[in-house]
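Quick notes on the structure that follows.
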Amino acid sequence: MHGADWMRILEQAVKDKVTQAVSDVGAEGDDWGYLLGPATVEEHGDLALPCHSLAPILKRSPVDIAESISSTLAPSLVGIAEVSAVSGFVNIRADSEWIATRLRELLSDDRLGIEVEESRVAAVDYSAPNVAKEMHVGHLRSTVIGDAIVRMLMYKGHTVHRENHVGDWGTPFGMLIEHLLDLGEHNAADELGMGDLDGFYKQARAKFNSDEQFVERSRNRVVMLQGGDGETLRLWRVLVDESMRYFNEVYGMLGVLLTNDDIMGESNYHHLLPEVVNRLADLGMLEDSEGAKVVYSGDWVNREGEPMPLIIQKADGGYNYATTDLACIIDRVERLGCNDLLYVVGTPQAQHFKMVFEVASQAGFMDESHNTAHIKFGSVMDSDGKILKSREGEAIKLVDLLNEAVSRAYQVIADRNPSIDSDERQRIAEAIGIGAVKYADLSTERTKDYVFDWDRMLSFEGNTSPYLQYAHARICSIFRRSDTDRPLPEDAAISIRHAEEALLARRLVNFSAMVDESLSTYSPHRLCTYLHSVASAFASFYENCPVLSSEDDDTMMSRLVLCDLTARTLSTGLGMLGIESPEQM
RNA sequence: GGGCGCGUAGCAUAGCCUGGAUAAUGCACCGGCCUCCUAAGCCGGGGACCGCGGGUUCGAAUCCUGCCGCGUCCGCCA
């Protein structure tokens, strides 16, 4: 297990010696190095080697073996780590001096140890709001998680295509366009531009459910839209543009990277849909089912236990979302040259994506060199344990949540730090309020459902982004008060003497490993957990190890190094999560 | 009915992929700490049959299996 703390650099430094020591005690043949892992009990050390599985091979007790290995290993790790044996475990603890040297390396490294990887090309499909529908808290997850993954990939040196697969096509648009006409184009555009998407959609839906004439008009309008009627397309464009204007406002508030350049709505893949059908037909994969063209793949079955197909083209000639998703794959592989196809989409679509990926592979739209991942996330539930849907009318608008978060943050700053003027206060309130909302979503394991809790989203205490930002701001405050400029001298002397210094130093040295762990599993929450542990270690250090009033200049400089690295680790880490790090709060 | 996922202190979560020592964190609760670098904080404390039962293993929250509960998906919506 590689939890919140995994001292990868120590593992790399000692691995060969450990393997050697194990074989020296007689366990030859296999490579037993894999037994080496993070110590689960912090007091025992940084790394541990459990010797129990060697016992049957060596015919000795684990305690005995651990002691043998320990005494062989200890001399070879002088200057790196201390070795001890406790109840069948060999424990390895990095020397303070060795860690100090690692810190000095980080001090002069802008990337804080995070390596640039061989560059891949990735498409990250995320956010994907629906035109003329309100963005509610359910959209937050995809947008925020996707954005964090994009930032991590970019930091690691990959080329990333952000793909905002906006719902801008399909049968509802007949209804929406007719409603637009009923309201009067100008009025409707105003309403949409004001961000009252919910009202607009619900009114349209209500008419559709009660007015047969309206239903008829809507149907006709869909036909005109799909037939490419000029005026209809123009009206459709109004809906899309007004909605996008509103979405961009929300993106701006949220501080995500998405812009108009990233919009690749469903309508963009229109021209590829016949191509999908043709290619599948040429491969002989298409079968007829009551007039529809479908692909049977895998062993999916429906309610009746019959094989379940992926529908490619409906009997009426229309296309399905599966077809669009296949077209996307063609586009991303062939036009964009992507290696990684990542979809930040809710868990309910898991089966759909499995089927789509399967068909795409079979059809040769992609091959073994392509990595697909459905980065699924759980649903936001209401207090009854039911999935939260905008249609139900109870869902909280995302903008309202964000505004509330900012105004609460504004109030807290006014209470705690009245010296900050109101412009600056507003700017900081946005960083803190928005950060808190994003962090609340990012910090929990993404596949789990959770019940929406207003207070949870708006909390500024405990494992929240304000806690991390607070640590950062305190450090900035220390530097403001000191007469030492950053960046600090590269040859600064570092000495780790107190327990609080040692704990903080250990955390700092693990940053790059934790970033890699977080990205490799597409799990931003791991980075959150790690950053919280850094901030927490800093808070203890801050209380117990005075910096500016240290006993001597060397101690002060050493502590300033810890402060500097902590601040940079926090701001870099928060930056990957799309959260700002104000210098005061 | 079948597929997938989830179940860890009062609440909310991490740990599960890759098995290891006393199950970690936050909120809430109890007790301490601001003449001292920002108390959005720190220090200490209580609180858990890791859903239930089997199995594998020297060792299981973690792997396998059965059951229970909840969620979600299951052909022309996306």
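In what follows, chains carry the letters A, B, and so on, assigned in the order in which the sequence lines appear, proteins first and then strands, with residues in each chain numbered from 1.
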_Students often get this wrong, so: under 4.0 angstrom with heavy atoms, is A:A48 touching a base, only sugar-phosphate, or nothing?_
base
*Base, sugar-phosphate alone, or nothing: which one does A:E266 contact when heavy atoms must sit under 4.0 Å apart?*
sugar-phosphate
*Given that both distances must come in under 3.5 Å, which nucleotide forms a Watson-Crick or G-U wobble pair with B:rG46?*
none
_It should be established whether A:T444 places a side-chain nitrogen or oxygen under 4.0 Å from OP1 or OP2 of nucleotide B:rU13._
no
*Starting from P on B:rA23, measure out to CD on A:E42 and report it in whole angstrom.*
15 Å
*If each of A:R474 and A:W169 is mapped to the nucleotide of RNA chain B with the nearest heavy atom, which maps nearer the 5' terminus, i.e. the 5' end?*
A:R474
*asked:* Closest approach to the side chain of A:H532, judged atom by atom: which nucleotide of B:rU25, B:rG71, B:rA21 is it?
replied: B:rU25
*Classify the glycosidic conformation of B:rC49 as syn or anti, calling it syn when the angle lies within 90° of 0.*
anti
*asked:* With a 3.5 Å limit on both atom pairs, tell me what B:rC6 is paired to, counting Watson-Crick and G-U wobble, or say none.
replied: B:rG69
_Centre-to-centre under 6.0 Å for A:H165 and A:Y269, is that the case here?_
yes
*asked:* Would you say A:Y467 places a side-chain N or O within less than 4.0 Å of OP1 or OP2 belonging to B:rC42?
replied: yes
_Gap between atom OG1 of A:T447 and atom OH of A:Y522 - 0.5 Å precision_ = 15.5 Å
*Within this structure, what is the CG-to-P distance between A:L442 and B:rG26, rounded to whole angstrom?*
20 Å
*Taking only side-chain nitrogens and oxygens of A:N544, does any of them come within less than 4.0 Å of OP1 or OP2 of B:rC42?*
no
*asked:* Which heavy atom of A:A535 sits nearest to which heavy atom of A:A471, and what is that distance?
replied: CB-CB, 4.1 Å
*asked:* For B:rG7 and A:K448 - does any side-chain N or O of the residue sit under 4.0 Å from the phosphate oxygens OP1/OP2?
replied: yes
*asked:* I want to confirm an ordering. Mapping A:Y34 and A:A315 to their closest nucleotides on RNA chain B, which one lands closer to the 5' end?
replied: A:Y34
*B:rC36: pairing nucleotide in any strand, Watson-Crick or G-U under 3.5 angstrom*: none
*For the residue pair A:P418 and A:R425, what are the closest heavy atoms and their distance?*
O-NH2, 3.9 Å
*Taking the six-membered ring of A:Y530, is NZ or CZ of A:R507 closer than 6.0 Å to its centre and within 45° of its axis?*
no
*Give a yes/no on whether any side-chain N or O of A:H525 is located under 4.0 angstrom from OP1 or OP2 of B:rG15.*
yes
*Taking the side chain of A:P348 as heavy atoms from C-beta outward, which of B:rU72, B:rU13, B:rU38 is closest to it?*
B:rU72
*Could you tell me which nucleotide pairs with B:rG1 by Watson-Crick or G-U wobble geometry, both distances under 3.5 Å, or answer none if nothing does?*
B:rC74
*For B:rC63, what is the paired nucleotide under Watson-Crick or G-U wobble rules, both distances under 3.5 Å?*
B:rG55
_base_contact_polar (B:rA14 base, A:T529 side chain, donor-acceptor, <3.5 Å)_ = no
*Paired with B:rU25: which nucleotide, if any, by Watson-Crick or G-U wobble criteria at under 3.5 Å for both distances?*
B:rA12
*Classify the side chain of A:D168 and the base of B:rA78 as holding, or not holding, a donor-acceptor pair under 3.5 Å.*
no
*Examine distances only and state if a side-chain atom of A:S127 and a backbone atom of A:N164 form a donor-acceptor pair shorter than 3.5 Å.*
no
_What is the separation between atom CZ on A:R481 and atom P on B:rC36, rounded to the nearest whole Å?_
10 Å
*Would you kindly give the CZ-to-P distance between A:R446 and B:rA14, to the nearest whole Å?*
12 Å
*When the ring planes of A:F89 and A:H52 are compared, do they come out parallel, tilted or perpendicular, using 30° and 60° as the limits?*
perpendicular
_Is the phosphate of B:rC73 approached by A:R303 (side-chain N or O, under 4.0 Å from OP1 or OP2)?_
no
*Tell me whether the OP1 or OP2 atom of B:rC43 has a side-chain N or O from A:S540 closer than 4.0 Å.*
yes
*Any residue of residues 54-63 of chain A with a heavy atom less than 4.0 Å from an atom of RNA chain B*: none
_Tell me whether the ring of A:Y470 lies stacked over the B:rG41 base, given a 5.5 Å limit on centroids and a 30° limit on the plane angle._
no
*For atom OH of A:Y321 and atom P of B:rA78, their distance in whole Å*: 8 Å
*Would you say B:rA28 has OP1 or OP2 under 4.0 Å from some side-chain N or O of A:R456?*
no
*asked:* Does a side-chain N or O of A:S87 approach OP1 or OP2 of B:rA21 to a distance below 4.0 Å, or not?
replied: no
*For the rings on A:Y343 and A:F357, is their centre-to-centre separation under 6.0 Å?*
yes
*Taking the six-membered ring for Trp, are the ring centroids of A:H270 and A:Y319 within less than 6.0 Å of each other?*
no
